[in-house]
Every structure is written in C-alpha cells, then in structure tokens.
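Notes follow the structure.
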Amino acid sequence: VADDIEKAIETYQLWKQTYPRDFTPPNNLANRYDQIGQFDKGAEEAREALRREPNHPFPYSHLARAYMGLNRFDEAKAIIQKALALKLEILNFHILLYGIAFLQGDSAEMQRQLDWMKGKPQEYFIFSLQAATAQFSGKLRQAREFSRKAIELAQRGNFKEPAAIIAAGQALAEANFGNFREARDRAAEALAIARSEIALFNAANALALSGAVDQGQTLMEEAGTRFPADTIFNNVALPIFRARFEIDRGNPEKAIQLLQPAQPYEIGYLAVPYVRGQAYLRLRKGSEAAAEFQRILDHKGALFQTNPPYIFAMAQLGLGRAWAVAGDIPKSRKAYQDFLALWKDADPDIPILQQAKQEYAKLQAGQ
C-alpha cells in the first residue's frame with residue numbers, strides 16, 4: 001500500500017501498537033504526516049520514534065521537518081544540532097538547515113550548508129537549492145543556470161529521476177511566471193530524462209499552463225495508468241490539473257468543487273489553496289481569495305519541503321489582486337508592495353512581474 005497514504009498510515013498505526021519497541025512505524029508515520037503537511041502529527045510520531053530509538057538520524061530529520069513546517073525554526077535547528085552532536089549525519093539535515101537559513105535571511109549559514117555538500121554523491125543539491133532560492137526572488141536567469149548545472153551533475157551521477165524532477169520543476173516555475181515557450185522546452189527535457197511520478201505531474205501542469213493542455217492531459221493519463229492507487233495523484237495532482245483546466249474554461253465554481261479531495265493535504269501541497277484562490281478571483285470573491293493566499297503566506301515553513309519556494313511570492317501577488325477585487329485598496333497596495341519588495345532584483349522581463357507593476361500603477365493612480 002506504499003502509494004496509498006491513508007492505508008499506509010493505517011498499517012503503520014497497527015504495526016506501532018503491535019510492536020511497541022520498534023521505532024520503524026512511528027518513524028515512517030512521521031515521514032508520511034510531514035509529506036502531507038500534517039506537521040503536528042508528524043512531530044508527535046517523530047518524538048515517539050526518538051523515544052524508541054534515540055541513535056538513528058531519521059527521527060531527528062522528521063522532527064526537524066515537522067518543526068520547520070510549523071514555523072518553529074529555532075527548534076528545528078536545535079534538533080538537527082542535537083543529532084549532529086551525536087555524530088548522526090544525513091544529507092537531509094543540511095537541506096533543512098539551508099532552507100531555514102534562507103527563510104531567516106542568514107546567507108552565511110546557507111553557504112556553509114552548500115559547502116558541506118561539495119564532493120558528496122548528491123552534490124547536485126548545491127545547484128538545485130540555489131535554483132529554488134533564485135526562483136523565489138524572480139531571478140529566473142540565475143535559476144535556469146543553477147538548474148542546468150544541477151541536471152548535469154545529477155545525470156553524471158546517474159541520478160536520472162532527480163534530474164527529471166529538477167527540469168520539470170523549472171518548467172513549472174517558468175509556466176507560472178508566464179514564460180510559456182521556456183516552460184514547454186523544460187518539460188520536454190524532463191520527460192526525455194525520466195518519466196517519474198513527480199516529473200510527470202509537474203511537466204503536465206507546466207504544459208497545460210503554457211497552452212499545451214492536450215499534451216498535459218496525455219501525461220496525466222499516463223500517470224493515472226502507472227500509479228492508480230497513488231493518494232497524491234488521485235487527491236492532489238489530478239484535482240489541481242482539472243481545476244486549472246476548469247478555471248481556464250470559465251468554470252471557477254467547478255474548479256473549487258474539484259479541489260475538495262485535496263483539502264486534507266493542502267499544507268503539504270500549497271498549490272491547492274493557490275489554485276483555489278485563483279478560482280475565487282475569477283468569481284470576483286476577493287475576501288475568499290485573500291484567505292487562500294494568506295494560508296500560503298502563513299505556512300512559510302512548508303517551503304523547501306514538498307512546496308517550491310516561489311509559491312510564496314506568487315501568493316503575495318495573489319493577495320494584492322484579491323484585496324483589490326474586495327475593494328480594500330490599502331491592503332491591496334501593501335500586498336503589491338510586499339511582492340515588489342520580494343522581487344526587487346527580479347529579471348525585469350518576467351511577464352507576471354510586468355503585469356504586477358501595471359496593476360500596482362493603476363491602483364496608485366486610482367488614489
């Protein structure tokens with residue numbers, strides 16, 4: 001039942017009760033809960049796994065990830081430092097420390113974590129993490145270069161699936177930012193490397209957002225055939241894809257209905273409230289849209305996990321648009337200003353940045 005998260009959780013719970021000294025079931029439960037953004041439960045299970053086995057790195061990693069998802073950054077760092085003091089060392093500690101340092105604005109710590117990764121088998125993370133932070137700030141030219149280096153390093157080490165995921169992730173970022181030709185090219189690159197689950201999902205959405213809906217639909221059908229019992233595909237990826245399609249067709253109410261199965265997982269996959277917010281914008285329900293975008297901004301710690309960091313900036317822009325629709329001009333103005341501050345060093349030719357500047361200028365002119 002590996003692909004069916006709910007059945008997996010049920011099995012691990014039974015395993016945990018049956019074997020009260022085995023750290024594996026609470027450890028794996030923590031991982032599953034973290035994956036779907038249920039960080040409170042993830043933290044609880046990780047603490048139980050640590051109680052059962054204090055000398056394994058995985059429970060420390062899962063607890064740190066849960067604390068990060070709960071915006072408890074100092075506690076997340078402390079847990080990792082405790083593990084490192086015990087001579088427990090895994091790559092994920094350094095990925096988490098990099099993400100926390102970025103969210104706290106600590107560039108020196110970010111560099112320390114990148115330096116640690118040099119020469120390691122998965123050295124490509126140096127560049128994939130830098131690509132993610134460049135995307136967050138709208139520095140797309142930098143992000144493309146970092147992604148290219150990450151893909152090359154991953155393929156050189158025969159990490160084909162991660163290479164495809166990085167390419168597909170860059171494709172989705174390009175599509176969300178309005179660079180449709182680049183998005184289609186990067187999606188094709190990803191699929192030529194490997195047709196893994198995440199690569200298929202991201203490439204399909206990138207293609208659909210870029211106008212190649214039929215190609216995206218074909219990829220989603222392929223994923224459905226290959227992963228028929230997959231919880232994330234059936235309850236998150238497919239509803240997001242279909243909801244975006246209905247929004248484009250002028251059916252935002254149907255889009256909101258389609259997203260209902262994804263609600264239990266939406267903090268783990270913040271594209272869910274983002275797309276719901278887009279649907280509310282189409283319905284001219286500004287306050288409802290603002291609540292969806294604010295939900296993303298309130299869960300900053302869920303970035304660098306299953307969520308691309310740039311969704312935070314996209315939500316900030318969405319919040320400005322939502323408050324404008326709601327008629328709350330001071331809040332709208334503040335949200336636009338916050339977005340433009342985030343993207344003060346962004347590439348000036350990004351379509352959504354140009355749109356945002358035009359919208360903000362009209363807002364100012366309407367004072």
Quick one: does any side-chain atom of [X] pair with a main-chain N or O of [Y] as donor and acceptor, under 3.5 Å?
X	Y	value
Arg52	Pro20	yes
Ser332	Trp323	no
Glu53	Asn55	yes
Asn235	Ala262	no
Asp22	Lys16	no

Practice task
Find out whether Pro308 and Leu172 are in side-chain contact, i.e. whether some heavy atom of one side chain is under 4.5 Å from a heavy atom of the other.
Solution key: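 The answer is no; the side chains never approach within 4.5 Å.
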
Looking at [Y] and [X], is any side-chain nitrogen of the basic one under 4.0 Å from a carboxylate oxygen of the acidic one?
X	Y	value
Arg244	Asp248	no
Lys285	Glu288	no
Arg144	Asp185	no
Lys118	Asp115	yes
Asp74	Lys77	yes
Glu222	Arg195	yes
Glu145	Arg148	yes
Lys120	Glu123	no

Short side-chain donor-acceptor distance under 3.5 Å, [Y] and [X]:
X	Y	answer
Tyr310	Ser137	no
Lys139	Gln130	no
Gln170	Glu174	yes

Parallel, tilted or perpendicular, as decided by the 30° and 60° cut-offs, for the rings of [Y] and [X]:
X	Y	value
His56	Phe58	perpendicular
His94	Trp116	parallel
Tyr336	Tyr360	tilted
Tyr124	Phe159	tilted

Exercise for the section: Examine Phe93 together with Tyr60 and report whether their ring centres are nearer than 6.0 Å. Expected result: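 No, too far apart.
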
Problem - Ring-ring centroid check Phe293 Tyr274, cutoff 6.0 Å - result: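 Between Tyr274 and Phe293, which both carry aromatic rings, the centre distance is below 6.0 Å.
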
Practice task
Name all residues meeting the ring-ring contact (aromatic ring centres under 6.0 Å, His included) criterion together with Tyr12; count only those two or more places apart in sequence or in a different chain, and write none if there are none.
Solution key: Trp15

